[in-house]
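Shown next, in structure tokens, is the structure this report addresses.
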Amino acid sequence: MMTAPESMTALRAPLAAVSSGLDLQSSFITTLEGYGLTPATAHLLWLPLPMLLVLVAAVVGVLVNVWLERKISAAVQQRIGPEYAGALGVLQPLADGLKLLFKEDIIPARADGLLFTLGPVLVLIPVILSWLVVPFGQHLLISDVGIGVFLWIALSSIQPIGLLMSGYASNNKYSLLGGLRAAAQSISYEIPLALAVLAVVMMSNSLSTIDIVNQQNGAGILSWNIWRQPVGFLIFWICALAECERLPFDLPEAEEELVAGYQTEYAGMKFALFYLGSYINLVLSALLVAVLYLGGWGFPIPVEWLAGAIGQSVDAPLVQVITGSLGIVMTVLKAYLLVFIAILLRWTLPRVRIDQLLDLGWKFLLPIALVNLLVTAGLKLAFPAFFGG
Amino acid sequence: MTIASFTQWICFLALSAAVVVGSLGVVLLPNIVYSAFLLGGVFLSVAGLYLMLNASFVAAAQVLVYVGAVNVLILFAIMLVNKKETLAEIPGLPLRRLLSGGVCAGLFLLLLRVDVTTPWAVPGPSPAGDDATIKIGMHLFSDYLLPFELASVLLLMAMIGAIVLARRDVYTVDVITGENADQALIEKIRTPLLVETAPDRNPALESTR
């Protein structure tokens, strides 16, 4: 049987196989030009392909994530978890999704229909757009925009507007308060998050995710940013959990003790959009932690050394195909390791109160992140060889 | 016309239309919440225009600062004080509207004239692209250092002002006992609300028993 992470890898492998070794984009365009199309038309036909692939990868990532959440939660609580929908319950997330798809789409009578519909969309779109900058290999991303991680930070700041919008449009005081709380949480953890990213950017001298990974892959696992930025790593991970509204920071939803916050009035596919958004965001955050601190697509031992040890050139087509696939496996593996930790954290930590949450963000993480930035700047000047002069 | 320039033309038209229609909506809509959300849309469209000028850093900064911070704060302010109350009738409202409309129309005509009479250099200077981030950083820490620092002082003043305004209704004298209030108590108590320290001394609880 093919487990879910393997099927994901299989999905992405074709892209890796060709575009790292043979450059899929140019070969695709040359082929189409052979059929008498202009280069511009061929390029236009190429453009949607990587986007569709990443969209499918994101959705499959969510399905895997939901299945893992159910199974790991069950294991933590010494239950079996889903087991009848497919082998080991792998079809359970699909069943969940279909259930939500066929549920009645309710818009409350006194709610503001337009904003009520627009809210979940505004929550989901920035998260999906952020996949633009997630690299799975040297050339394996949709677009190597120069502003890289900054684009992600900017996009994730749109999300609170969607939360406020859905909270307001529900015309329900619990929804409004929940929306305000969710937005307050989201904007207060964005600042330490951005400062932690800034320290990494300072060491890499670039905002591009490709450059950030390349700067970490000189000596395999030893050169990963987590050793140089342990504090930044922790700050980033805590803030990422808070941004995703994961336990211990899931106050906006707090399923056992509150009305479901800004999601209270939502049902059917609109609720599913929130659900999808939060899980895509979790996978995205895990991928970005892997990119920023765990060497991205890098293997713990540099592939150049391995290729040299067996007497192969790194530029040989077959070696490039293998290293490309290895890069994708490594990225996904690191990301899902972090997702596993996030799920374990969910069942081991108690939820914080709202005042503790804001105190932690503003009075602890923010000063620590500033000190981390200052220390990084000092170390960069003192030891330029180790901290990216 | 190539496909690329055609796409660019369509994007430009769509974004400009979004900016114009959106800003008209911000000014004219009676519901202030709609105005605030539309303002976010206008900011996003302006960011799109920056993106079309190859200024991706400025576009992302526009989204982060104006949509992510300014617009969210505006929405917060509206939603925290969104009372349904009928405002007092302002005398001479039609005349006021006419006057402000006239001023805006005059300003618009002036800008149109500037647009038509200025000899624009077409095509403009070549875009800096991804180097723009470095260039902006250089300028901020060399020739624009003073305005940059002044802006931060301004923000600090605004923040202190906000804190003073938000905490102005702090009592200096304890209402019940008449003694001077301990200012340290204005901070929230650290103990959870449900833990009662001395239940039998609470008169409110006594009366309910």
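What you see is a predicted model; the values in this text were computed from it and never measured. So that the names make sense, note that chain A is the first sequence line, chain B the second, and so on, each numbered from 1.
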Checklist entry - Is it the backbone or the side chain of B:Ala61 that comes under 4.5 Å from a heavy atom of chain A, or both, or neither? => result both
Checklist outcome for this item: Bottom line for A:Leu176: the part with an atom under 4.5 Å from chain B's heavy atoms is side chain
Checklist entry - Using non-hydrogen atoms only, which part of B:Phe37 is less than 4.5 Å away from chain A: side chain, backbone, both, or neither? => result side chain
Checklist outcome for this item: So, the part of B:Ile134 with a heavy atom under 4.5 Å from chain A: the answer is neither
Checklist entry - When the ring planes of B:Phe43 and B:Tyr66 are compared, do they come out parallel, tilted or perpendicular, using 30° and 60° as the limits? => result tilted
Next on the checklist: Rounded at 0.5 Å granularity, tell me how far CE in B:Met52 sits from OG1 in B:Thr7.
Outcome noted: 9.5 Å
Item to check | A:Ala183 backbone acceptor or donor facing A:Tyr262 side chain under 3.5 Å | outcome: no
Item to check | Proximity breakdown for A:Ile187 and chain B, heavy-atom pairs closer than 4.5 Å | outcome: side chain
Item to check | Partner set under ring-ring contact (aromatic ring centres under 6.0 Å, His included) for A:Phe236, not counting sequence neighbours | outcome: A:Trp152, A:Tyr293
Checklist entry - Does atom CZ of B:Phe76 have more than 12 heavy-atom neighbours, drawn from other residues, nucleotides or ligands, at distances under 6.0 Å? => result yes
Next on the checklist: If you count heavy-atom pairs within less than 4.5 Å of chain B, which of A:Leu115, A:Leu155, A:Leu122, A:Leu207 leads?
Outcome noted: A:Leu115
Item to check | Short N-O contact, B:Lys135 and B:Asp131, less than 4.0 angstrom | outcome: no
Checklist entry - What part of A:Ala194 lies closer than 4.5 angstrom to a heavy atom of chain B: side chain, backbone, both or neither? => result neither
Item to check | Atom group of B:Ser56 that falls short of 4.5 Å from chain A, counting heavy atoms | outcome: both
